[in-house]
Each structure stands twice: as C-alpha cells, then as structure tokens.
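Below you'll find the structure, written out as structure tokens, and then a few comments.
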Amino acid sequence: MSPADRTPLLTVRGLSKSFGDTRVLADADLDVARGEVLAVIGASGSGKTTLLRCLNGLEVADAGTVAVDDARVDFTTRPAPKALHALRDRSAMVFQQFQLFPHKTVLENVAEGPVVVQRRDKDEVRAEARALLERVGLADKADAYPHQLSGGQQQRVGIVRALALRPELLLFDEPTSALDPELVGEVLLLMRDLAREGWTMVVVTHELQFAREVASRVAFVDGGRVLESGPPAQVLGSPEHERTRQFIRRLSHPL
Amino acid sequence: MGSVDWGLALDSIGPLVGGAITGTIPLAAVSFVAGLVIAVAVALARLSDNRLLSGLARAYVSVIRGTPLLVQLFVIFYGLPSVGLTIDPWPSAIIAFSLNVGGYAAEIVRAAILSVPKGQWEAAYMIGMDRRTALRRIVLPQAARVSVPPLSNTFISLVKDTSLASVVLVTELFREAQQIAAFSQEFMLVYIEAAAVYWVICLALSAVQGRLETRLDRYVAR
Ligand SMILES: Nc1ncnc2c1ncn2[C@@H]1O[C@H](COP(=O)(O)OP(=O)(O)OP(=O)(O)O)[C@@H](O)[C@H]1O
Ligand SMILES: [Mg+2]
C-alpha cells in the first residue's frame with residue numbers, strides 16, 4: 001500500500017502541556033495513517049510518554065487537538081469526560097510496567113474490558129480471549145495469575161488485553177524496557193506480527209532495530225515537539241537535524 | 001487467699017459463654033459491619049476532590065480518634081436523652097461502636113486505597129472504566145488485601161471494647177461476669193474466667209485472619 005492510499009487515523013495539532021512551570025509538550029503535531037506503524041524516539045524527558053498519554057486522555061493537554069478516527073477532542077477548553085471517553089474508546093495502551101490486574105487471572109485480565117465496559121457477551125469474549133492467548137503462545141496460562149508469569153509473558157498478556165478491546169489504534173510506551181534483555185525479543189516479534197497484520201501502532205521505543213525494520217515512519221521528539229519525522233531510513237540514516245543525529249549516535253554508541 | 005471454688009467456676013462458664021454468644025459477639029459483628037460501611041464512605045469522602053466533603057471526613061476521624069470510646073458511649077446513652085432523644089441500650093451501643101470503628105477503619109481503608117499503584121487506575125481507565133467502576137473492580141479488591149491485617153486488629157480491639165457496653169446496661173459477657181461476681185463475691189475467679197473467654201474469642205479470630213490472608217494471597221508473589 002502506498003502512503004497515498006492511506007486515510008489518516010490519528011491527527012494531532014498544536015498539542016501543549018505544562019506541569020507547573022515545566023513545558024513538557026510544546027505545540028506537537030503528529031499524523032498517523034491507518035495501518036501505519038510510527039516509532040517515536042527521543043531523549044529521556046523529551047515528552048514522549050506525555051504525548052502518548054494525551055492521545056487516549058490519560059493526561060489532559062492544555063491546548064491543541066487530538067483526533068482519532070471520528071473522535072476529536074479540542075483541549076483549548078477543558079474537555080468533557082464524555083469526549084475523553086470517546087477518544088479512549090478508539091485506542092488501547094500497552095504500558096511499560098505492564099499494569100496487569102494482579103487479583104485477576106490472565107483470562108480475566110483480558111476479558112475485563114470487553115465484558116464489564118463494552119458489555120459484550122461473556123462466553124463470546126472468553127472464547128475470543130482464549131484464541132488471542134493461544135496466538136501469543138499463552139493458552140496454558142489463561143488461568144494463571146500475573147505474578148506467576150515472566151516479564152515477557154506478562155507483557156504479551158498486556159498486548160492481548162489491548163487487542164481484546166478491538167481498538168483502532170494501539171499505543172505502546174517503551175513496552176520492552178522493563179524486561180530482561182533475553183525476554184525483549186518475544187515481545188518485539190509479537191509486535192512485528194501485529195504490524196504485518198495491519199494494526200495501526202504508535203510505539204515509543206529505544207529499540208532502534210525495531211524502528212528501522214518494523215516502523216513505517218519514525219518521529220523524533222525533542223523539547224516537547226516532533227522535530228522531524230519520515231521513513232526510518234531517512235530519520236535514522238540521514239536525519240535533517242543535528243539534534244536527531246546526536247541522539248541516534250548516542251543510542252547506537254553508548255560508550 | 002482461699003482455695004479455688006471449682007463448683008462456681010464450672011457453674012459460671014455457662015452464663016459467661018452465653019453472654020458472649022448473645023451479647024459480645026453479635027454486638028461486635030454488627031458494629032464492625034456497619035463500621036466498615038461508614039469507613040469506606042468516609043475514606044472515599046476524604047480522598048475526594050470536594051474540599052467540603054474531605055474536610056468533613058477529616059473532622060469526623062479527628063473527633064472519633066481524639067475522644068475516648070467510653071465518653072462517646074456516654075454521650076449517646078446518657079447525653080442524648082437530655083436533648084429529648086432516648087435510645088435503648090443495644091442501639092446505643094451499636095451506634096457508638098459503629099461510629100468508632102468507622103473512624104479508625106476509615107484511615108486504614110484510605111491508606112489501603114492509596115497503596116494501590118497509580119498505574120492500576122490508569123490501566124482501568126485505559127480499558128474504558130469510569131472512576132466508580134475502576135474503584136469497585138480494580139482498586140478496592142487490591143486495597144482489601146492490604147487492609148485485612150489492620151482491620152483484623154480493629155475487629156479484635158472491638159471485641160474487647162464491647163465490654164464497655166456493660167455500663168449502658170447491655171447484657172454481654174462482662175456484665176454477666178459482674179453480676180456473678182457481685183453475687184458470689186468471688187471477684188478474682190470470675191473476672192479471670194471472663195478474661196479467658198475474651199481470649200479464646202480473640203484466638204479464634206486470629207486464626208480466621210490467618211486463613212483469610214492466605215486466601216487473599218493467592219495472587220500475590222511470595
Ligand atoms: N505528572 C507529572 N508531574 C510533573 N512533571 C511531570 C509529570 N509527568 C512528566 N513530567 C515531566 O515531564 C517531562 C517529560 O516527561 P515524559 O515522561 O513525557 O518524558 P519521556 O520522553 O517519556 O522520558 P523517558 O524516556 O524517560 O520515559 C519530564 O521532565 C518529567 O519529569
Ligand atoms: Mg517515557
């Protein structure tokens with residue numbers, strides 16, 4: 001599919017957010033088309049997490065607009081809970097620290113949203129959840145509690161929990177950075193499969209290899225805005241800005 | 001000191017245990033359940049963004065914790081009639097104990113809710129829950145686990161505190177003991193026997209607490 005065929009799914013304009021005196025997002029713009037995988041990179045503290053959290057209303061921006069599909073929220077005036085809810089309905093997030101519900105089994109974690117919030121048929125949801133777990137190789141863990149799983153398994157459950165919500169947009173905040181190095185691969189491979197299946201994904205990551213090989217576009221965030229974005233080869237290979245170049249060099253050669 | 005009057009010791013066990021079964025235990029159980037309901041409400045009020053609500057909750061906890069339970073009991077049973085509100089012994093005792101447990105347990109419940117990581121709220125919001133559903137299905141169940149040990153302590157204290165109900169004429173374990181002791185003049189024997197009955201009840205409660213914790217621990221790494 002060429003970019004021209006792609007309809008926009010996520011549109012962010014002029015997004016700003018301050019915590020006290022610290023301006024964390026400063027006029028950030030972002031576009032993601034349906035089926036696109038956007039890798040968001042940038043230094044620690046540059047505002048990546050805050051940007052992602054604003055996309056599904058976990059954080060309320062001070063100004064700007066976020067539109068996912070037909071849900072559009074203008075943050076110039078404080079948005080109504082209903083508007084944020086509409087935004088949240090269309091996306092699902094995978095957290096850095098997994099945030100599975102420790103008092104619920106794996107299956108219950110996955111089914112909770114669809115059954116309790118979306119009020120879908122319980123048996124149907126459970127069947128679908130089992131199929132999703134099977135897909136990610138965790139069929140035998142359906143009745144286990146999260147603490148009985150490895151980090152990589154927990155994060156795969158986190159991803160399945162997000163998928164079960166049937167979102168339009170998947171948001172990932174450094175999904176592998178809390179994992180032991182040998183467990184990173186299993187999660188990245190699953191994400192690559194999702195990308196190939198056509199899921200629209202925004203992935204905040206420090207995994208340059210993932211950005212290079214899986215993302216359709218890379219956005220470099222600096223000082224609370226998207227400094228540049230484009231195809232991986234361009235942004236990672238011959239970036240326009242010196243700041244981007246420096247960041248990529250530091251990430252590739254930490255010593 | 002004379003020798004132990006075993007006949008009296010044996011004869012008084014029946015009334016003492018009876019007082020526990022018909023007085024102490026139901027008084028503690030009913031007050032604890034009502035107190036827990038008050039506690040959850042007060043804890044939520046204390047955590048709410050509404051200044052007035054949280055201020056009222058804070059004041060309530062402060063008054064309850066800052067005044068003796070015996071005085072609270074006297075205000076309700078002996079004080080209220082002078083403003084035209086007369087309440088029978090049993091309801092008086094239950095009201096006083098419930099309000100008291102409510103004040104102490106509110107702080108336990110509040111701390112337990114705060115101990116649930118912020119990320120759990122966020123995950124609940126992420127899957128589309130509103131605040132109320134997140135609280136009910138995600139946060140309170142986790143807070144419950146944390147609050148079992150301190151709440152058990154509150155309950156065990158309450159069981160012993162119900163002996164104060166004797167001063168507002170509720171017939172429970174300790175009032176039985178007082179009556180038997182006054183009649184027989186065997187103060188030492190009868191009061192030690194009463195103490196033993198309280199102790200056995202508390203031992204049983206500690207055992208229940210242990211089992212409850214094990215049950216709730218099934219989802220916690222050990
Ligand atoms: N709730 C908050 N209150 C105050 N400051 C915050 C809050 N959340 C984030 N910040 C600040 O905003 C800035 C950007 O944070 P953010 O988490 O978005 O950065 P990030 O790019 O995700 O960084 P990292 O790579 O370390 O995760 C940081 O300076 C952070 O300290
Ligand atoms: Mg971050």
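We name chains A, B, ... by the order of the sequence lines, and we start the count at 1 in each one.
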Heavy-atom contacts under 4.5 Å, [range] to chain B:
range                       : answer
residues 49-57 of chain A   : R53(A), N56(A)
residues 65-83 of chain A   : none
residues 114-124 of chain A : V116(A), V117(A)

Between M126(B) and A92(A), what is the shortest heavy-atom contact and its length? SD-CA, 3.9 Å
Closest heavy-atom pair, P102(A) versus Q120(B), reported as atoms and distance to 0.1 Å, is CD-OE1, 3.4 Å
With a 4.5 Å cut-off on heavy-atom pairs, point out which of D89(A), T105(A), L171(A), L100(A) contacts chain B the most. L100(A)
Choice from A123(B), P117(B), A124(B) maximising heavy atom contacts with chain A below 4.5 Å: A123(B)
Please classify the contact between [X] and chain B as side chain, backbone, both or neither, with a heavy-atom cut-off of under 4.5 Å.
X      : result
Q99(A) : both
F95(A) : side chain
L84(A) : neither

Which value, rounded to the nearest 0.5 Å, describes the distance between H103(A) atom NE2 and I138(B) atom CD1? 4.5 Å
Hey, which of M93(A), R88(A), R161(A) is the one that makes side chain to side chain contact (heavy atoms under 4.5 Å, CB included) with I127(B)? R161(A)
Determine all donor-acceptor pairs shorter than 3.5 Å in which one atom belongs to a side chain in residues 131-144 of chain A; sequence neighbours excluded.
residue, atom, partner, partner atom, Å
R135(A), NH1, E197(A), OE1, 3.3
R135(A), NH1, E197(A), OE2, 2.5
R135(A), NH2, E197(A), OE2, 3.1

